[in-house]
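Beneath this line is the structure, given in structure tokens, with notes to follow.
Given the structure is predicted, the values throughout are model-derived calculations rather than measurements. Residue numbers run from 1 in the order of the sequence given.
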Amino acid sequence: MSIYIIVALVAFIASLTQRVSGFGFGMLFMTAAPFLMPTYPEATTLSGALALVCALVTGVQMVRFVPWKKLLPILCTFLVVSFVSIRFVGRIDGKMMRGVLGAVLLFLSFYFSFIRSKISMKPTMKVQVGMGTVSGVMGGLFAMQGPPAVIYFISCADNKEEYMAITQWYFIISNSFMTVSRAASGFFTPTVGKAWLFGVAAVILGLMVGKRIYSRMPIEIIRKVVYVIIGVSGLLAIILSLR
């Protein structure tokens with residue numbers, strides 16, 4: 001029972017973060033999920049299924065702002081690459097994946113803290129395919145396809161509403177696809193289902209609180225705290241993978 005309480009707590013924090021910044025659920029949830037679920041594939045399955053709910057609640061409310069022409073190329077690339085990556089993840093040793101995940105988290109923490117604002121990217125077809133490919137690999141292996149796609153969305157969105165809408169619908173469609181693919185591969189086990197039920201309520205609560213915080217607190221302050229947590233979690237994952 002204590003494991004499911006932790007799942008709910010992490011889901012609450014992750015959904016709150018995504019509601020404030022537009023992304024981050026998978027990044028935060030996967031810092032804990034590999035240590036809570038019996039296998040790594042089950043951890044990515046749980047993360048993706050909860051992330052789907054998280055994005056769906058906000059996305060439905062903002063569907064009128066979605067610029068589909070900016071979304072479809074990167075999304076189609078992602079679907080193809082993630083399909084292959086999901087088939088690959090079941091053959092990889094879970095302990096090794098925790099170490100790789102830790103390294104990815106450390107990189108993301110450093111990137112978003114110090115480099116992101118210094119990079120300018122135009123929303124060309126080449127960029128969309130490239131970001132879709134990286135996003136597909138990260139989504140299939142780590143259940144955190146957000147960062148590469150978010151870089152593109154920030155560059156191409158005309159306003160705040162468009163950015164939030166396109167990001168959430170990317171997560172809705174991508175996580176729907178990956179959840180079905182993982183279920184077809186046998187990764188959606190009874191344990192994942194039970195943990196999902198505990199996590200859903202926490203996700204809804206996190207979205208409600210996140211919406212309030214979004215209107216009262218500067219986003220950059222929250223983002224900086226999150227990036228520090230991600231970096232520490234990545235370092236912890238690497239240390240534990242070496243034991």
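Looking at Q128 and Y152, their side chains come closer than 4.5 Å, going by heavy atoms from C-beta outward. Looking only at side-chain heavy atoms (C-beta outward), V7 and W196 stay at 4.5 Å or farther from each other.
Between F171 and G22, the shortest heavy-atom contact is CE1-O, 3.5 Å.
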*Run the side chain to side chain contact (heavy atoms under 4.5 Å, CB included) check on R19 and Q168 step by step: do they pass?*
CA-CA 10 Å; R19 183 60 185 86; Q168 298 315 298; over 6 Å; no
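Residues passing the side-chain hydrogen bond (donor to acceptor under 3.5 Å, both in side chains) test with T167, sequence neighbours excluded: none. Listed by chain and number, the residues in a side-chain contact (heavy atoms from CB on, under 4.5 Å) with A32 are V10, L36 (sequence neighbours excluded). Applying the side-chain hydrogen bond (donor to acceptor under 3.5 Å, both in side chains) criterion to E162, with sequence neighbours excluded, gives K70. Qualifying side-chain contact (heavy atoms from CB on, under 4.5 Å) partners for V137, counting only residues two or more places apart in sequence or in other chains: V81, S85, L141. Remark: T191 engages Y4, M37, P38, E42, T189 in a side-chain contact (heavy atoms from CB on, under 4.5 Å) (not counting sequence neighbours). In terms of the side-chain contact (heavy atoms from CB on, under 4.5 Å) criterion, residue partners of S82 (sequence neighbours excluded) are, by chain and number, F78, F177, M178.
Rounding to the nearest 0.5 Å places CH2 of W169 at 11.0 Å from CG of L75.
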Solution key, residues 47-62 side-chain donor-acceptor pairs under 3.5 Å, sequence neighbours excluded:
none

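The side-chain hydrogen bond (donor to acceptor under 3.5 Å, both in side chains) pairs that include a residue from residues 133-144 are S135-Y170, where partners are two or more places apart or lie in different chains.
Other residues sharing the hydrophobic cluster of M125, ordered by chain and number and joined by side-chain separations under 4.5 Å: V129.
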